[in-house]
Amino acid sequence: MKDKDVYILGIETSCDETAVAIVKNGKETIANVVASQIESHKRFGGVVPEIASRHHVEQITMILEEALTEANMTMEEMDAIAVTEGPGLVGALLVGVNAAKALAFAHQKPLIGVHHIAGHIYANRLEKEFQFPLLSLVVSGGHTELILMEEHGDFKVIGETRDDAAGEAYDKVARTLQLPYPGGPKIDQLAKEGEASILFPRAWLEDGSYDFSFSGLKSAVINTLHNAKQRDKVIKKEDLAASFQESVVEVLVKKTFKAAEQFDVKQVIVAGGVAANSGLRTALEETFADKKFELMIPPLPLCTDNAAMIAAAGTIAYEQGHRAAWDLNANPSLDIEIYSARSNK
Amino acid sequence: MNILAIDTSNQVMTVAITRGGELIAETIINVKRNHSVGLMPAIDNLLKDANMLPKELDKIVVAKGPGSYTGVRIGLSTAKTMAWTLNIPVIGVSSLEILARNFFQSQDVICPFFDARRGLVYTGLYQETNLKKEEQNLLFSDWLVKLKDVEGKILFVSPDLSIHKETIKDILKEKAVFPPAIFHVPRASVLAEIAEEKEIEDVHALTPNYLRMVEAEAIWLKEQAEKNND
Ligand SMILES: [Zn+2]
């Protein structure tokens, strides 16, 4: 006989989206509400942490209400409250963490702290069940990591960026090209219209390393633009974007494929905001076309920050018995392997 | 009526529970520490001491600032969410008013303030239970000069009194009165008392009383104004 259904309410406020979701059994989205603040931050060319925190505290109860209304459920029906504990902006995280504590305390329900990246990975489980071992390429504004999972709740970092995250490199190049914030999707758009005619460096690093480095590439792009300007040469923005994107994508995809082979994984999943990048999606689909490894790329709304992913990861943590105490704090630099160790104790 | 009162807006963390206007339990901790870590355990302990369940609460009142932005938001996120989910009223009270209320029986004018660094303070002027001069964020020396026109003595109340005491004495001389140190600490029981007479607010609309714009926003607005003048 199947056990009773598990309903988890998730809260995510680590950056500039205030999000609440309800997920059933870790796999089925019942409600998923995301209030984006992008319009408020646009004029500053990036997220202003204090403004993000102010929005969160203004929005949080409204978003909670919307989610419960959308699900047509009550707090009493929830089994636990899961919240992004870190990493992220501390002031922003604190709003979610304290709201989650208030909810859990008021109804005397279990409270679960969730790692934001574990959330991004588990967004994929809302689409399809995981098969282990599983390799996840996590690419976002703050992260570029290859994470190996042998089982649920177990995260091992086999490669990570040594300097800029891929998304960060996109933002910086976008700023150099004077594209409006957020620049990543704009570069992706331009790249489609241009030709990768400039050969930018690929940072493969030492043999066998799954680490990444994007700062050299970023500098090369900026230098190319600068030199062209000095010589009154015109470089098409589209071509520059296409060349830059090709360099990023090639490194990401080749390293992911190599790691998939070495660790003989069953699935390769892509997680994080940059997973929405069409250049990356296309290259991954081509590379993994032979179906040796099953490739999973989440639909766009699940790539960007949302709370369904936190509830999904929170469900596993709940089933594995993680419980946060009332002194749960926001942890802006929470390490995923330390988080992972909670499952293995 | 069971009231839960919370103030995490400045260094002091204070939480209280009152029943029918009577104080049942209160916590006041005046050390530098993270309110996000301390607040919920304090609420949990107080409710246990009061032998009360969260769902037996009838009203929540919270200090809404001015003060530490983060501290204010910890209090408000907690109070708003708890009130919303328990479907009970929530009230936000100015952190300056809570301090002023320590002297509700005084006939003197009361000047509560919090240090806001670089010579700035958050302050206002209260008499008995009324706000006499609007709360603002300004240079304390400018404010003190304005206070010279106020009739009678002025009682200065602040956990940050030691930083500014000499300046106050220099500008206002005998006009300034300084109560003993223990009365410069906000008390959640006083906050609960204030809540008895305040109007209930819409939970979603309750926002912090920052008294200050985000710096990036202030700069942006200034730039826009300059552009428009060109
Ligand atoms: Zn994210």
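Below, chain A is the first sequence line, B the second, and so on; all start at residue 1.
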For chain B, the option from [options] that forms the most heavy-atom pairs under 4.5 Å:
options	result
A:M62, A:E65, A:E58, A:H107	A:E65
A:Q108, A:R43, A:M75	A:R43
A:D327, A:L103, A:V90	A:D327
A:V57, A:V48, A:I51	A:V57

### Task
Can you check whether anything in residues 73-91 of chain B gets within less than 4.5 Å of chain A, heavy-atom wise, and list it by number?
B:R73, B:I74, B:L76, B:S77, B:T78, B:K80, B:T81, B:M82, B:W84, B:T85, B:L86
### Query
Hey, which residues of residues 183-194 of chain B are touching chain A, say heavy atoms under 4.5 Å apart?
none
### Message
So for A:F44, is it side chain, backbone, both, or neither that comes closer than 4.5 Å to the heavy atoms of chain B?
### Response
side chain
### Query
Is chain B contacted by the side chain of A:V95, its backbone, both, or neither, given a heavy-atom distance below 4.5 Å?
both
Under 4.5 Å from any heavy atom of chain A, what part of [X] do you find: side chain, backbone, both or neither?
X	value
B:P41	both
B:L47	side chain
B:E215	neither

### Message
Could you measure the distance from the CE atom of B:M40 to the CG atom of A:N329? Nearest 0.5 Å is fine.
### Response
12.5 Å
### Message
Quick check on the interface: out of B:T207, B:T70, B:D44, who has the most heavy-atom pairs with chain A under 4.5 Å?
### Response
B:D44
